[in-house]
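One structure below.
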2 protein chains.
Amino acid sequence: MDSLDIQSILQSSNFQAFWADYDFLKIEDLMALVNTGKLQQLPKNQHFIQAGEFSKKVGFILEGLIRFYHLKDGEEYNLVFKHEFQMASSFECIVLKQATSYSYEALEDTLLLVFDYDQMEELFAQNQRLERFGRYFIQQELAMAVKVFEKHLFYSPEERYLKFLEEYPHLMNRVPLKHLASFMGVTPVSLSRIRKRVADNRN
Amino acid sequence: MDSLDIQSILQSSNFQAFWADYDFLKIEDLMALVNTGKLQQLPKNQHFIQAGEFSKKVGFILEGLIRFYHLKDGEEYNLVFKHEFQMASSFECIVLKQATSYSYEALEDTLLLVFDYDQMEELFAQNQRLERFGRYFIQQELAMAVKVFEKHLFYSPEERYLKFLEEYPHLMNRVPLKHLASFMGVTPVSLSRIRKRVADNRN
DNA sequence: AGAAAAAATTTACAAAAGATAAGTTCGTGA
DNA sequence: TCACGAACTTATCTTTTGTAAATTTTTTCT
């Protein structure tokens with residue numbers, strides 16, 4: 001993919017909206033960062049990072065959808081779905097300095113801008129605005145993680161399903177129900193019952 | 001509390017262990033940061049931050065234990081317990097720029113070093129090593145948050161109780177069971193049943 | 001120390017979720 | 001377009017949790 005494509009993405013209204021939070025950054029800061037990234041096309045059902053790897057890749061999703069999951073006793077547990085303008089990377093490798101126990105798998109054909117964390121750090125060390133951008137970005141990730149977590153604690157599975165419907169309507173048709181069930185912390189069978197209950201109560 | 005006390009805390013082995021992750025910081029960086037903080041004694045059962053407030057306080061716990069909880073329909077939901085060398089602050093106020101819907105309440109007499117987030121930001125802008133320290137610290141917080149979250153998704157309430165026992169034995173005697181139950185996502189009644197089951201299986 | 005309040009446990013019952021199995025629908029590729 | 005496999009739904013049975021109320025234990029306060 002050539003630089004023309006990057007340009008068109010950077011100029012899209014979606015990217016501009018994402019970007020609004022980081023107005024202290026200069027355009028040349030952004031370009032310095034973007035220039036260290038490589039575009040990667042990740043076809044549906046393929047992995048970006050596999051459990052067991054030690055990878056410091058940081059993927060910024062430009063297009064598509066990826067699930068972040070853990071495999072335990074043959075069961076897969078989806079923690080979160082990452083979509084456009086979100087980040088896919090292994091906090092275990094980068095922060096905890098361990099091999100990752102999680103995997104990232106594309107649910108759709110996905111386009112990523114892929115960075116190397118160590119290279120990003122070098123850049124951050126040279127450019128304090130980028131360093132701050134890095135911190136703000138992580139703070140956003142933390143805030144979003146808490147928002148996801150709180151739904152598991154405050155709401156019943158049925159309420160979580162309704163919340164998901166109203167909060168992520170655009171993901172409803174992109175995420176297979178078995179993965180949604182896993183994300184919600186129930187079995188696919190149970191999700192199916194919940195959907196039936198909800199449908200019946202609205203007849 | 002005078003500077004002598006800060007000195008003795010900074011020289012404690014617990015603090016040194018916490019500090020080992022941030023070896024790129026110079027001692028004068030640390031002192032510059034510490035000097036902007038104020039010591040606060042927070043008696044048991046008192047709030048550090050109350051739901052509804054807009055507070056950018058950042059409390060670094062030197063001693064004691066605080067619960068981070070949310071009130072919904074008269075029920076309290078504990079998301080996490082913060083102890084020594086962890087941070088208590090409102091991500092909603094700081095990151096999302098909203099009033100907080102969460103509260104922090106001391107479960108023990110607690111000693112905090114309290115910063116103002118905006119003042120911290122100024123300091124970070126002047127000192128890139130501190131800026132990086134800020135980012136690393138948040139990254140650690142995110143990693144810990146995911147580790148807490150994953151237990152809710154991967155494990156049953158009974159397994160969560162056993163995990164808590166082995167992972168936080170030092171918190172077991174510090175956290176009342178009703179708050180532990182809330183943290184585990186079950187009612188106190190259910191936790192009581194779980195404890196009985198576990199005890200019976202070990203007879 | 002003793003009274004009052006809060007916390008923890010126990011019991012009974014109702015509701016929901018898990019496991020398993022079987023049947024149906026949907027999609028994809030040959 | 002047909003056939004195969006994956007995804008989803010339905011049914012049955014078992015286990016666990018939630019709610020409510022009563023009882024015991026622990027903590028707090030005077």
Side-chain angles (χ1 to χ4, degrees), chain A residues 43-46 65 67 69 71-78 81 105-109 151-165 171-203, chain B residues 43-47 64-65 67 69 71-78 81 105-109 151-165 171-203:
Chain A
K44 181 174 175 175
N45 297 328
Q46 288 207 10
L65 186 61
R67 70 189 179 99
Y69 75 96
L71 186 70
K72 178 184 164 254
D73 305 332
E75 294 290 321
E76 293 183 353
Y77 296 85
N78 296 124
F81 303 108
E105 186 194 42
L107 291 176
E108 302 173 349
D109 291 344
K151 289 184 187 59
H152 278 260
L153 220 45
F154 305 165
Y155 300 104
S156 68
E158 181 163 336
E159 288 172 317
R160 286 205 288 278
Y161 175 71
L162 295 170
K163 282 266 167 197
F164 189 90
L165 271 183
L171 286 187
M172 204 54 216
N173 304 316
R174 296 168 73 181
V175 177
L177 291 177
K178 67 166 187 170
H179 287 140
L180 178 57
S182 164
F183 172 73
M184 288 174 46
V186 296
T187 59
V189 175
S190 190
L191 175 58
S192 188
R193 283 189 290 233
I194 289 168
R195 282 161 58 83
K196 186 178 171 62
R197 270 206 302 271
V198 169
D200 288 351
N201 290 339
R202 286 181 173 173
N203 62 348
Chain B
K44 181 174 176 175
N45 297 327
Q46 290 207 9
H47 280 83
L65 185 61
R67 71 188 178 100
Y69 75 96
L71 186 70
K72 179 183 164 256
D73 305 332
E75 294 290 322
E76 293 183 354
Y77 297 85
N78 295 126
F81 303 109
E105 187 195 42
L107 292 176
E108 304 172 348
D109 290 344
K151 288 182 187 60
H152 277 259
L153 219 46
F154 305 167
Y155 300 104
S156 67
E158 180 163 337
E159 288 171 317
R160 287 205 287 278
Y161 174 71
L162 294 171
K163 282 267 166 194
F164 189 90
L165 271 184
L171 287 187
M172 204 55 215
N173 304 316
R174 296 169 72 181
V175 177
L177 290 177
K178 66 168 189 168
H179 286 139
L180 177 57
S182 164
F183 172 73
M184 289 174 45
V186 297
T187 60
V189 174
S190 191
L191 175 58
S192 185
R193 283 190 287 231
I194 289 168
R195 283 162 58 84
K196 187 178 171 63
R197 271 205 302 271
V198 169
D200 287 352
N201 290 339
R202 285 182 174 171
N203 62 345

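The basis for the numbers below is simple: all heavy atoms, side chains too, and nothing from hydrogens, waters or symmetry mates. Within every chain, numbering begins at 1; the chains are lettered A, B, ... in the order of the sequence lines, protein sequences first and strands thereafter. Predicted model only: the values in this text are computed from it and were never measured.
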Using whole Å, what does the distance between atom [atom2] of nucleotide [N] and atom [atom1] of [X] come to?
X	N	atom1	atom2	value
B:Y161	C:dA8	OH	P	12 Å
B:E158	D:dG18	CD	C1'	17 Å
A:E159	C:dA15	CD	P	17 Å
B:L177	D:dT25	CG	C1'	12 Å
A:E75	C:dA17	CD	C1'	15 Å
B:L107	C:dA7	CG	C1'	14 Å
B:K178	D:dT27	NZ	P	14 Å
A:H152	C:dA17	NE2	P	14 Å

Over 60° means perpendicular and under 30° means parallel, so tell me whether [X] and [Y] are parallel, tilted or perpendicular.
X	Y	value
B:Y69	B:H47	tilted
A:F183	A:H152	perpendicular
A:Y77	B:F154	tilted

Any side-chain to backbone donor/acceptor pair from A:D109 onto A:P43? Under 3.5 Å, distance only.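 No.
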Any donor-acceptor pair under 3.5 Å linking the side chain of A:K151 with the backbone of A:K163?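 No: the side chain of A:K151 does not pair with the backbone of A:K163.
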Any N/O pairs under 3.5 Å between the protein and nucleotides 24-30 of chain C? List them or say none.
none

Could you check which residues of residues 184-196 of chain A get a heavy atom under 4.0 Å from DNA chain D? Sort them by number, please.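 DNA chain D contact set from residues 184-196 of chain A: A:V189, A:S192, A:R193, A:R195, A:K196.
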Between CZ of B:R193 and OG1 of B:T187, what distance do you get to the nearest 0.5 Å?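 Spacing of CZ (B:R193) from OG1 (B:T187) equals 6.0 Å.
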For residues B:H179 and B:S182, determine if any side-chain heavy atom of one lies less than 4.5 Å from a side-chain heavy atom of the other.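 Not in contact.
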Any A:K178 side-chain heavy atom under 4.5 Å of A:L191 side chain: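 Counting from C-beta outward, A:K178 and A:L191 never come under 4.5 Å.
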Between B:L180, B:L65, B:L107, which is the residue that forms a side chain to side chain contact (heavy atoms under 4.5 Å, CB included) with B:R174?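 So the option named by the test is B:L65.
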